[in-house]
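Contents: one structure, followed by commentary.
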Amino acid sequence: MDARGETGEDARAGRDRPWRRLQDSVDALVLASPARTAMIGFVLLTLVCTGLLCLPVSLQDPSAHSLADAVLVAVSAVCVTGLSPVTMHEHWSPFGMGVITVAIQVGGLGILTAASLLGMAMSKRLGVRQRLLAAQATGTFQLGRVGSLLRVVLTTMIVAEVVVTALLLPRFLFRGEAFGEALWHSVFYAVSSFNNAGFTIHDGGGAAFADDPWILAVLAMSVFVGSLGFPVIFVMSIFWRSPRSWDLHAKLTLSTSLLLVVGGWVLLLVFEAANPATLGFRNWFDTAGESLFLSVMSRSGGFSTVDITQLSASSHVLLDMLMFVGGGSGSTAGGIKVTTLAVLGLAALAEARGLVDTTAFNRRIAPSTIRLAVSVLLAGATIVAVGTMVLLAVTDEPLDYVLFEVISAFATCGLSMGVTERSGDAGLYVLSALMLVGRLGTITLASALSERSQKRRFRYAEERPIIG
């Protein structure tokens with residue numbers, strides 16, 4: 001006890017009070033408008049990354065500086081997309097590649113945290129079970145603690161990436177790379193795959209691993225797990241022994257994701273097994289493996305072992321649909337999300353069967369959720385349509401190529417028909433805007449509509465317009 005009668009603990013508490021007040025103020029600000037905070041954070045991170053990539057030290061050849069290239073790659077890294085107008089390892093210096101890697105990691109962390117914060121901010125509309133799960137996810141029963149949530153998400157991400165790095169390192173060493181080079185490649189692909197970024201740093205991109213089933217399998221698993229989303233990973237890790245205890249979101253995300261992967265795999269086998277320009281010249285095992293790999297990557301991963309332009313027209317349409325759907329809510333994957341597709345499909349099925357309620361796994365889906373899914377679908381389709389028209393106006397590319405590139409940018413997938421590489425500055429800025437809008441648009445829309453839900457004290461007379 002000192003002369004003023006304070007103990008050491010009292011003195012420490014006094015020193016901590018300003019920091020506590022600051023932390024509480026930040027938490028309150030973030031949770032008051034998580035969507036706006038996410039938008040501001042992503043824009044600021046993009047500006048910082050762009051500035052760093054414009055530095056001469058970031059380029060292999062400083063005379064090759066292009067603001068449009070820097071902007072697109074910065075947005076692509078922060079939004080974990082993977083589109084690039086330049087060959088990554090040839091254009092960017094080690095410093096530049098380090099900036100891009102950090103941008104992918106921070107961008108992926110920001111996406112997971114922002115999505116989780118949105119769920120927490122709206123948790124007052126959830127049941128007791130969902131609130132308890134959210135509390136457990138943050139490591140505290142004070143749902144306003146942003147720092148606790150950030151630590152849990154960061155820990156999950158780091159553990160996953162360390163596991164992927166450990167699985168890739170021996171294989172890169174076996175391929176004849178020096179330890180330092182193999183370690184760098186392992187870390188980069190772990191970050192790029194788990195965050196669904198799809199950036200590559202080998203000659204030929206993903207085709208460099210077409211003859212290596214181990215690397216393809218590890219990358220595919222990393223992308224798939226990352227596309228499920230933090231809420232699903234968390235629930236599965238807690239109740240891994242009792243899948244019946246998983247909540248409806250986890251069940252819908254996992255079942256729909258598996259259905260899309262298997263369906264895409266089968267259709268790609270049908271469309272490409274006889275195509276000599278892609279997989280027709282390979283044996284059955286390689287054809288099946290690479291078709292499965294492409295099916296997983298089309299959901300948002302962005303890695304590819306084949307030339308996308310050589311795929312059949314049917315495969316292009318299939319990939320357009322898979323990219324547009326994307327991955328799970330609360331994940332680094334883009335698109336309208338698999339739960340949106342699942343809810344709309346279940347609602348259509350219920351309507352076809354004449355049922356009043358839309359149900360899944362013995363749970364009833366609220367009408368407000370169905371309306372939200374419809375809004376997200378219409379918003380996504382509108383963004384793609386407008387983006388396609390604008391990109392067609394500033395490039396000389398054919399419609400199918402432009403549509404594919406626009407969907408890839410909107411869904412932050414990263415598969416490319418080469419339009420990004422051939423586009424001028426105007427086209428690169430359009431694609432950059434599409435990636436930002438695609439990454440933040442659906443999240444912001446879902447949050448805004450949920451927060452603005454209100455009840456009227458009256459109802460209008462019902463009337464049914466003719467549909468169909």
Side-chain angles (χ1 to χ4, degrees), residues 82-84 87-89 164 167-177 182 185-186 188-190 192-193 196-227 257-323 400-401 404-405 407-408 413-421:
L83 290 177
S84 174
T87 303
M88 298 292 292
H89 60 284
V164 175
L167 292 174
L168 289 176
L169 180 58
R171 195 60 187 174
F172 281 123
L173 291 173
F174 179 79
R175 291 168 66 91
E177 297 183 2
H185 288 162
S186 300
F188 180 85
Y189 283 111
S192 183
S193 60
N196 281 217
F199 283 108
T200 59
I201 49 177
H202 278 81
D203 292 330
F209 313 127
D211 61 343
D212 199 319
W214 179 263
I215 292 181
L216 295 184
V218 172
L219 292 179
M221 286 300 300
S222 179
V223 167
F224 182 78
V225 172
S227 71
S257 296
L258 290 174
L259 180 63
L260 290 175
V261 168
V262 174
W265 179 26
V266 172
L267 290 176
L268 284 171
L269 275 175
V270 173
F271 298 151
E272 299 301 323
N275 184 353
T278 54
L279 302 177
F281 65 94
R282 296 188 178 277
N283 58 47
W284 184 90
F285 179 80
D286 290 339
T287 299
E290 292 191 42
S291 298
L292 177 59
F293 182 80
L294 183 57
S295 178
V296 173
M297 295 304 155
S298 63
R299 302 268 321 293
S300 191
F303 297 101
S304 177
T305 60
V306 299
D307 185 353
I308 299 297
T309 61
Q310 298 299 316
L311 295 173
S312 65
S314 298
S315 295
H316 286 159
V317 175
L318 173 64
L319 295 184
D320 283 341
M321 293 188 293
L322 292 175
M323 289 190 299
D400 54 339
Y401 278 38
F404 188 97
E405 209 81 2
I407 294 177
S408 181
C413 177
L415 293 177
S416 177
M417 299 278 275
V419 175
T420 302
E421 297 178 3

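One is the number of the first residue; the rest follow in order along the sequence.
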When rounded to the nearest 0.5 Å, the distance separating CG of Asp212 from CG of Leu219 is 9.5 Å
Just so I know, are the side chains of Thr420 and Glu405 near enough to count as touching, which here means a heavy-atom distance under 4.5 Å? yes
For Gln310, check side-chain contact (heavy atoms from CB on, under 4.5 Å) against everything at least two apart and list the hits. Ala277, Thr278, Asp307
Looking at residues at least two apart in the chain, or sitting in another chain, which of them share a side-chain contact (heavy atoms from CB on, under 4.5 Å) with Leu169? Leu173, Phe179, Ala182, Leu183, Ser186
Between Tyr401 and Thr309, the two heavy atoms sitting closest are OH-CB, 3.9 Å
Donor-acceptor contact present, side-chain Ser408 to main-chain Gly414, <3.5 Å: yes
Hey, is CZ on Phe281 packed in by over 12 heavy atoms from elsewhere, all under 6.0 Å? yes
pair Leu294-Ile308: side-chain heavy atoms closer than 4.5 Å: yes
For the CG atom of Leu319 and the CE atom of Met417, what is their distance to the nearest 0.5 Å? 9.0 Å
Where is the tightest heavy-atom contact between Gly264 and Leu322, given as atom of each residue plus distance? CA-CD1, 4.2 Å
Grab the two heavy atoms, one from His202 and one from Ala208, that are nearest each other, plus how far apart they are. CB-CB, 4.0 Å
The reported gap from CZ in Arg175 to CH2 in Trp214 (rounded to nearest 0.5 angstrom) is 14.0 Å
Residues which pass side-chain contact (heavy atoms from CB on, under 4.5 Å) with Ser295, listed by chain and number, not counting sequence neighbours: Val261, Trp265, Leu268
State whether the side chain of Asn196 and the backbone N or O of Val223 hold a donor-acceptor pair below 3.5 Å, judged by distance alone. yes
Locate the shortest heavy-atom distance separating Val218 from Val164; write the atom from each residue and the value. CG1-CG1, 3.9 Å
Candidate pair Phe404 and Leu415, rule side-chain contact (heavy atoms from CB on, under 4.5 Å), full reasoning: CA-CA 8 Å; Phe404 188 97; Leu415 293 177; 3.9 Å; yes
In short, Ala274 meets Pro276 closest at the heavy-atom pair O-CD, 3.2 Å
Looking only at the aromatic ring of each residue, does the gap between the centers of Phe188 and His89 stay below 6.0 angstrom? no
To the nearest 0.5 Å, what is the distance between CG (Leu260) and OG (Ser227)? 10.0 Å
Applying salt bridge (charged side-chain N to carboxylate O under 4.0 Å, His left out) as the test, list every pair that has at least one member in residues 258-283; sequence neighbours left out. Arg282-Glu290
What's the separation between atom CD1 in Ile407 and atom OG in Ser298, rounded to the nearest 0.5 Å? 11.5 Å
Are Glu421 and Ser416 linked by a side-chain donor-acceptor pair shorter than 3.5 Å? no
With a sphere of 6.0 Å drawn around CE of Met88, does it hold more than 12 non-hydrogen atoms of other residues, nucleotides or ligands? yes
Atom pair CE/OG of Met297 and Ser193 - distance to nearest 0.5 Å: 7.5 Å
Test item: Leu258 and Phe224 side chains (from C-beta on) under 4.5 Å apart, heavy atoms: yes
Just jot down the side-chain contact (heavy atoms from CB on, under 4.5 Å) partners of Thr200, sequence neighbours excluded, or say none. Tyr189, Phe303
Shortest non-hydrogen separation from Leu168 to Ala190 and the atoms involved: CD1-N, 4.3 Å
Residues pairing under salt bridge (charged side-chain N to carboxylate O under 4.0 Å, His left out) where one sits in residues 291-303, two or more places apart or in two chains, turn out to be none
Short question: side chain of Ser192, backbone of Phe199 - any donor-acceptor pair under 3.5 Å? yes
